[in-house]
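Have a look at the structure below before the remarks.
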Amino acid sequence: MERIILHCDCNNFYASVECLLHPELRGKPLAVAGDPEQRHGIVLAKSYEAKKWGVQTGNPLWLAKQICPDIVFVQPHFDLYFHFSQLIRNIYSEYTERVEPYGMDECWLDVTGSASLFGDGKMIADTLRERIKKELGITISAGVSFNKVFAKLGSDYKKPDATTVIPLNRFRDIVWPIPVSDLLFVGRATAKVLERKGVRTIGDLANARRDAVKSWLGKCGEELWLCANGYDSSQVAPADWQPVIKSIGNSTTMPRDLSEYNEVKITLMVLSESVAARLRQHDLQCDTVQISIRGTDLSWMERQGKLEIPACDSTSIYRKALRLFADNSRPGNPVRSLGVRARNLMPRRYEQISILPSIQQAQRHEAIEEVLDGLRGRFGDKIIQRGIMLSDKTLSALDPQTNYPNLVLSSVHSQR
Ligand SMILES: [Mg+2]
């Protein structure tokens, strides 16, 4: 049976929420930015008006001001974005229990089973658009298709406040002319490989030989080929979905032995950042952090500890990892390799909007890092240094560019 999948994407989510708070800003070029007093602040999100002027996410504030002299900068209110994100998901949940978040402002919905109650996919998408606009003042773009990948393409197809249907019998006409880099999971590196092979559109990919694509990009390439041909069969996770991945960890063996505490800190930070990013990629959080330490004398130990609250931000993971290291390492024994692992995984939850300062703080870190994930995905890892937005003095002294040369991160270990 043909599935009915929706992908709903809030338009300019952060900027839209800010306009709800400050209606006087509506219609003005607006950018959500780090502290404008700080010389290094950058644009985290922008309104359509700012976009029209050519302001881009990631622009330094001085540049945004140069491009668009009338631009208004506002500071981010991540707690509020979480709150609205949850309200929107509550509305989605009235139409299906299969609502799978993708980042803070996007969700997939499988409404195959709800169509007899609420109408076809387009009708449900239009209803959701109208309701969210009327009840919350936020516009969304919706894609309706028979799989997740095309539904996502549909929500990008026309913005803002629009529904795009990509049906089985017409997907070639709609999807195939789109640049291949717009396809989900085609990052910059993959797009480059494909471009070298003369693959520019999704149609080019679909019509390439399957085994050729596999030879260029391995198993991932084959999956992309299947997606381009409409064979994506991945499921929309139900709300009570439990992860199959049991833990996510990274470890590294240093090119030289570490004897300085500061070197250990930097290494743990690098590892924590990559573990946290992978957690968020899978929409998971952990409540236990484990570290492994191998000394130059080949001694080895593993220690773990619980976080105060489940988290998926690198700051929480790093702090716990560093605590474990400080409590368990033996002075005078240089470190040869280090590992950080997130355990006791669970789906990320947004409803825990809380008055507890520790939860608020972790959520703020998560939200900031989520923005960073997006920026790094689009512009590369060096686009932003972590000191810019984190107020934590210890961490802001760390610079990702002071990575060890040849630092090799092992891949995700998933225990199934
Ligand atoms: Mg969006």
Side-chain angles (χ1 to χ4, degrees), residues 5-21 25-26 29-33 42-52 55-59 74 76-93 99-109 124-126 128-145 148-164 166 178-179 181-187 236 280-281 283 348 350 363 366-379 383:
I5 313 287
L6 272 49
H7 183 266
C8 299
D9 184 359
C10 301
N11 304 128
N12 294 335
F13 184 55
Y14 294 176
S16 304
V17 175
E18 293 298 333
C19 285
L20 291 174
L21 290 184
L25 295 177
R26 212 161 258 184
L30 171 79
V32 179
I42 59 158
V43 173
L44 301 175
K46 68 222 173 278
S47 67
Y48 274 104
E49 289 75 15
K51 193 177 174 182
K52 262 186 240 155
V55 174
Q56 292 182 359
T57 304
N59 279 162
V74 294
H77 298 92
F78 290 112
D79 304 358
L80 263 171
Y81 310 152
F82 275 113
H83 179 63
F84 274 90
S85 170
Q86 190 53 50
L87 292 176
I88 291 167
R89 284 176 200 185
N90 290 345
I91 295 180
Y92 295 152
S93 311
V99 177
E100 181 185 337
Y102 188 67
M104 188 145 42
D105 67 331
E106 301 177 23
C107 282
W108 277 288
L109 285 67
I124 296 176
D126 288 341
L128 288 171
R129 267 193 314 117
E130 286 310 314
R131 273 195 66 185
I132 291 168
K133 189 162 52 175
K134 203 168 127 216
E135 293 171 31
L136 301 173
I138 289 170
T139 63
I140 65 171
S141 294
V144 183
S145 194
K148 284 168 76 178
V149 169
F150 288 175
K152 167 110 173 108
L153 278 175
S155 70
D156 284 337
Y157 199 83
K158 199 172 167 212
K159 294 175 180 183
D161 196 14
T163 301
T164 301
I166 301 180
I178 297 174
S181 53
D182 288 0
L183 193 62
L184 192 62
F185 306 125
V186 175
V236 176
R280 293 191 296 274
Q281 225 170 45
D283 230 340
R348 267 170 92 177
Y350 293 93
Q363 287 178 338
E366 266 176 55
I368 291 169
E369 289 176 19
E370 208 158 53
V371 173
L372 298 187
D373 291 343
L375 287 172
R376 286 171 172 161
R378 245 186 299 171
F379 304 107
I383 180 68

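Read the numbers this way: they start at 1 and go in the same order the structure lists the ligands and their atoms. Nothing fancy with the numbering, it's 1 onward along the sequence.
Between Ser141 and Lys158, the side chains place no donor N or O within less than 3.5 Å of an acceptor N or O (distance only, hydrogens not considered).
Taken to the nearest 0.5 Å, the CG atom of Asn11 stands 3.5 Å off from the OG1 atom of Thr139. To the nearest 0.5 angstrom, Ile166 atom CD1 is 6.0 Å from Ile178 atom CD1. Taken from CD in Glu100 to SG in Cys107, the straight-line distance is 8.5 Å, to the nearest 0.5 Å.
Shown are the protein N/O/S atoms under 2.8 Å from the Mg ion (ligand 1), given by residue and atom: Asp9 OD1, Cys10 O, Asp105 OD2.
Side-chain atoms of Thr163 do not come within 3.5 Å of backbone N or O of Val144 as any donor-acceptor pair.
The aromatic rings of Tyr81 and Tyr14 sit parallel to each other, their planes meeting at less than 30°, with 60° as the upper class boundary.
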